[in-house]
There are 2 protein chains.
Amino acid sequence: MATIEDVAKLAGLSRSTVSRVINHHPYVSEKKKQLVYAAMKQLEYYPNSSAQRLRRQKTDTIAVLVPRLTNPFFPVLIEELDLVAVEHGLQLLICQTQQNEEKELSFLNLLKTKQVDGLIFTAIENDWETIAPYKEWGPIILCNEYKSEATVPIVRLNQVKGSYLGTKHLIESGHTKIAFCGGTESELGIDRKKGFMKAMEEAGLIMSEDWFFPSSYSIDCGKDILKTLFAMKNRPTAVFTGSDEIAAGIIKEAKSLGVSIPDELAVIGFDDQPIAELMEPALTTIQQPVKDMGKKTMEVMVSMLNSDIVNDQDQIYELPIRLVKRQSV
Amino acid sequence: MATIEDVAKLAGLSRSTVSRVINHHPYVSEKKKQLVYAAMKQLEYYPNSSAQRLRRQKTDTIAVLVPRLTNPFFPVLIEELDLVAVEHGLQLLICQTQQNEEKELSFLNLLKTKQVDGLIFTAIENDWETIAPYKEWGPIILCNEYKSEATVPIVRLNQVKGSYLGTKHLIESGHTKIAFCGGTESELGIDRKKGFMKAMEEAGLIMSEDWFFPSSYSIDCGKDILKTLFAMKNRPTAVFTGSDEIAAGIIKEAKSLGVSIPDELAVIGFDDQPIAELMEPALTTIQQPVKDMGKKTMEVMVSMLNSDIVNDQDQIYELPIRLVKRQSV
DNA sequence: GTGAAAGCGCTAACAC
DNA sequence: GTGTTAGCGCTTTCAC
């Protein structure tokens with residue numbers, strides 16, 4: 001493997017000059033530049049990235065922590081993050097936490113070992129208290145999920161508003177008995193429940209704890225919920241869900257059991273994934289501007305990377321969220 | 001940022017000893033080991049990964065080239081690749097080619113610049129001729145998509161068999177007029193068409209070029225195909241597709257137009273993604289053992305990384321493929 | 001068991 | 001414009 005030294009020798013020049021050519025510095029005569037290019041080509045020379053990183057003290061790589069890639073929400077987000085990153089000469093290191101606290105922590109160490117220059121959370125497993133000290137090692141941003149105690153920039157949606165809109169739509173469609181499915185572990189989940197409660201209370205409705213499914217997220221969860229619901233004597237006529245997957249599972253199982261959607265049960269999803277439109281009936285859902293979140297997040301990251309002051313800003317960027325009406329309500 | 005030198009000084013030892021402790025070498029006295037640990041802790045020392053990589057001449061990182069993360073086939077594959085990689089202390093660098101030849105080429109340069117130790121293709125944009133020279137820079141494996149000229153290990157399915165099984169099932173269900181949708185640019189696509197043709201010929205059927213949709217892949221493609229088909233006077237009664245997405249699009253559009261599936265049109269998908277089971281009617285499809293492919297691929301990569309002989313083997317690992325019967329046929 | 005020293009491949013003052 | 005030189009932080013012979 002050829003090194004910069006080999007190129008310098010073959011070109012009859014110094015390493016500095018070769019380095020200058022590689023890095024497109026001005027003040028290199030055209031003649032020598034050509035000499036260098038010729039030598040590089042002949043030797044099949046490519047700069048060693050580890051050496052560059054060591055010397056420059058940066059990696060131009062950003063870690064992106066996601067729970068799982070198989071949750072279709074995240075690939076869309078990553079795609080946009082990647083797009084903006086590439087524009088700025090940055091690379092993404094995708095890290096799947098599998099919702100595991102220790103794994104998340106081990107990825108934070110990428111910052112300490114200088115494997116990445118910055119880090120983006122799209123979901124958070126550990127307490128903020130645990131994460132906070134890592135700020136010292138490089139810029140951190142929260143995107144999508146958030147913690148109100150966090151002292152880093154946050155790019156998020158107004159989840160209270162999202163679920164409020166959905167629930168209100170259900171109420172305006174005449175429903176008074178409404179179930180709620182969605183996580184409440186995270187602050188995002190708690191806020192969604194808040195929005196739900198707000199809409200319920202405004203309408204003078206009360207929610208039944210029997211119709212509350214806190215730890216649901218997948219298609220299979222949705223199926224189970226439908227079964228549970230229809231085993232009850234007193235059951236809701238509508239259900240608010242925290243994801244299109246849950247909603248899809250509910251609808252699927254409803255069909256198997258001959259339950260008519262939305263006549264016997266209205267269902268509302270969250271995300272507006274491709275699946276929402278494909279379901280029969282098509283899913284009424286809360287649309288999240290995922291791409292905009294990705295774009296904004298990476299822009300903030302780039303600006304943090306370029307400013308000397310690391311994590312000086314703990315601004316919150318809140319993006320709009322809206323209801324998409326289809327046929328499941 | 002503390003360096004190994006700082007730790008050595010504080011512990012009153014040499015850099016070598018600290019290094020030995022970091023790397024869990026034997027032959028370090030317990031006493032000094034504790035001294036080192038104490039110093040590391042006090043200084044919040046973490047080894048600089050770029051320095052280690054430069055010195056060790058390896059990155060323990062594998063590039064995985066995928067077309068797009070938003071195609072749900074790939075996240076499943078990546079998840080499994082990642083699982084096995086982590087077991088072996090390897091990191092994955094996910095690279096989206098966006099089906100772009102130049103992007104693919106630029107990712108191949110990760111090998112030359114020593115940013116990764118090996119590279120896995122899950123789809124291929126360039127000619128093999130273009131890719132072959134990169135073998136010299138590190139182990140390369142093809143997983144999923146393949147080129148028969150390739151001289152590297154290949155982990156794949158028998159795509160001829162897959163589409164043969166699907167088409168045969170259509171024929172056995174009484175269909176004689178069958179459309180074919182799926183890419184034919186790649187060898188994988190060509191093989192799928194081969195399997196289709198084989199089943200047709202065996203049954204003494206001929207395919208109509210009017211019913212051949214070579215460049216289809218998405219939900220929207222599926223919708224367009226259904227519309228095109230039903231604008232024809234002479235139309236097929238069944239359609240073989242190259243992905244569950246196309247099939248889902250066809251079914252969705254069929255419903256909008258009041259076309260009954262499978263009575264007026266039988267549809268068969270490819271992949272067996274979650275969506276296949278959610279569609280109404282549920283999709284009959286070809287199941288691919290995606291996880292097994294991922295596992296095998298990373299195992300082969302690990303063995304190549306550990307053997308001194310790089311890319312000596314150009315073996316083909318062919319995994320089984322099977323038909324899943326549901327309600328769309 | 002431990003330390004001294006060389007060097008992985010590169011960049012950036014600094015001098016000329 | 002170009003070369004000399006001093007590291008970036010680490011691992012690994014080679015002595016002892």
Side-chain angles (χ1 to χ4, degrees), chain A residues 1-37 39-40 43-61 89 109-117 137-138, chain B residues 1-37 39-40 43-61 89 109-117 137-138:
Chain A
M1 231 197 50
T3 72
I4 198 170
E5 177 79 51
D6 301 329
V7 176
K9 269 192 194 135
L10 182 60
L13 297 164
S14 72
R15 294 204 314 263
S16 339
T17 305
V18 177
S19 173
R20 286 189 188 103
V21 173
I22 294 169
N23 296 290
H24 304 102
H25 274 271
Y27 309 132
V28 181
S29 71
E30 193 55 36
K31 201 196 295 176
K32 310 218 162 169
K33 213 183 279 184
Q34 294 313 324
L35 240 38
V36 171
Y37 283 133
M40 294 204 306
L43 294 169
E44 287 201 85
Y45 167 77
Y46 294 89
N48 180 306
S49 147
S50 303
Q52 289 182 315
R53 290 180 182 197
L54 175 58
R55 185 54 234 238
R56 293 185 182 141
Q57 300 282 56
K58 57 182 196 139
T59 63
D60 293 326
T61 305
N109 277 325
L110 293 170
L111 236 29
K112 295 190 173 177
T113 58
K114 288 274 159 240
Q115 289 197 65
V116 300
D117 295 340
W137 302 87
Chain B
M1 231 196 50
T3 72
I4 199 171
E5 177 79 50
D6 302 327
V7 176
K9 269 193 194 132
L10 181 61
L13 296 165
S14 73
R15 294 203 315 260
S16 333
T17 304
V18 177
S19 174
R20 287 190 187 101
V21 173
I22 293 169
N23 297 291
H24 304 102
H25 273 271
Y27 309 130
V28 181
S29 70
E30 193 56 35
K31 200 196 295 176
K32 309 217 164 166
K33 213 183 279 182
Q34 293 314 323
L35 240 40
V36 170
Y37 282 133
M40 292 204 307
L43 294 169
E44 287 201 84
Y45 168 77
Y46 293 88
N48 180 306
S49 148
S50 303
Q52 290 181 315
R53 291 180 181 196
L54 175 57
R55 186 52 234 242
R56 293 185 182 142
Q57 299 283 54
K58 59 182 193 135
T59 63
D60 293 325
T61 304
N109 277 325
L110 293 170
L111 235 30
K112 295 190 173 178
T113 58
K114 287 277 160 238
Q115 290 197 65
V116 299
D117 296 339
W137 302 87

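Note that the structure is predicted; figures quoted are calculated from it, not measured. Just so we're on the same page: letters track the sequence lines, and every chain starts at 1.
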base_contact_polar (dG3(D) base, Arg20(A) side chain, donor-acceptor, <3.5 Å): yes

Residue whose nearest DNA chain D nucleotide is more 5′ - Leu54(A) or Pro26(A): Pro26(A)

Side-chain heavy atoms of Leu13(B) within contact of Arg20(B), under 4.5 Å: no

Interatomic distance where CD1 belongs to Ile4(B) and P belongs to dA4(C) [whole Å]: 14 Å

Whole-Å distance separating the OH atom of Tyr27(B) from the P atom of dA15(D): 19 Å

Ser16(A) (side chain) and dT4(D) (base): donor-acceptor pair under 3.5 Å: yes

Touch class at under 4.0 angstrom, heavy-atom based, for Thr3(B) against every strand present: sugar-phosphate

Side-chain touch Val21(A)/Val7(A), heavy atoms, less than 4.5 angstrom: no

Qualifying residues under salt bridge (Lys or Arg N to Asp or Glu O under 4.0 Å), relative to Glu5(A), sequence neighbours excluded: Arg15(A)

Under-4.0 Å side-chain N/O to phosphate OP1/OP2 contact, Ser19(A) with dA12(C): no

Rounded interatomic separation in angstrom, taking NE2 from His25(B) and P from dC10(D): 14 Å

Phosphate OP1/OP2 of dG3(C) contacted by Thr17(B) side-chain N/O (<4.0 Å): yes

Contact check, side chains of Gln52(A) and Gln115(B), non-hydrogen atoms, under 4.5 Å: no

Short side-chain N/O contact to dT11(C) OP1/OP2 from Gln52(A), under 4.0 Å: yes

Check: dG9(C) base within 3.5 Å donor-acceptor of Arg53(A) side chain: no

From OG (Ser49(A)) to CG (Asn109(B)), nearest 0.5 Å: 11.5 Å

Test item: Met1(A) and Lys114(B) side chains (from C-beta on) under 4.5 Å apart, heavy atoms: yes

Lys32(A) side chain near dT2(D) phosphate (N/O to OP1/OP2, under 4.0 Å): yes

Arg56(B) CZ to dT13(D) C1', straight-line distance once rounded to whole Å: 16 Å

Bend angle of the helix from dG1(C)-dC16(D) to dC16(C)-dG1(D), from helix axes over five pairs at each end, nearest 10°: 30°

Short side-chain N/O contact from Ser50(B) to OP1 or OP2 of dC8(D), under 4.0 Å: no

Whole angstrom value for the distance that separates P of dG9(C) from CD of Gln57(A): 18 Å

Atom pair CE/OH of Met40(A) and Tyr46(A) - distance to nearest 0.5 Å: 9.0 Å

dC10(D) phosphate, OP1 or OP2, under 4.0 Å from Tyr45(B) side-chain N/O: yes

Spacing of Glu5(A) atom CD relative to dA6(D) atom P, expressed in whole Å: 15 Å

Heavy-atom donor-acceptor pair, Arg15(A) side-chain to dT4(D) base, under 3.5 Å: no

For atom CE of Met40(B) and atom C1' of dC10(D), their distance in whole Å: 14 Å

Nearest-angstrom distance from the residue atom CG of Leu43(A) to P of dG9(C): 14 Å

N/O (side chain, Asn23(A)) to phosphate O (OP1/OP2, dT11(C)) under 4.0 Å: yes

Closest approach of Val28(A) to Lys33(A) (non-hydrogen atoms, all atoms of both residues): O-CE, 3.8 Å

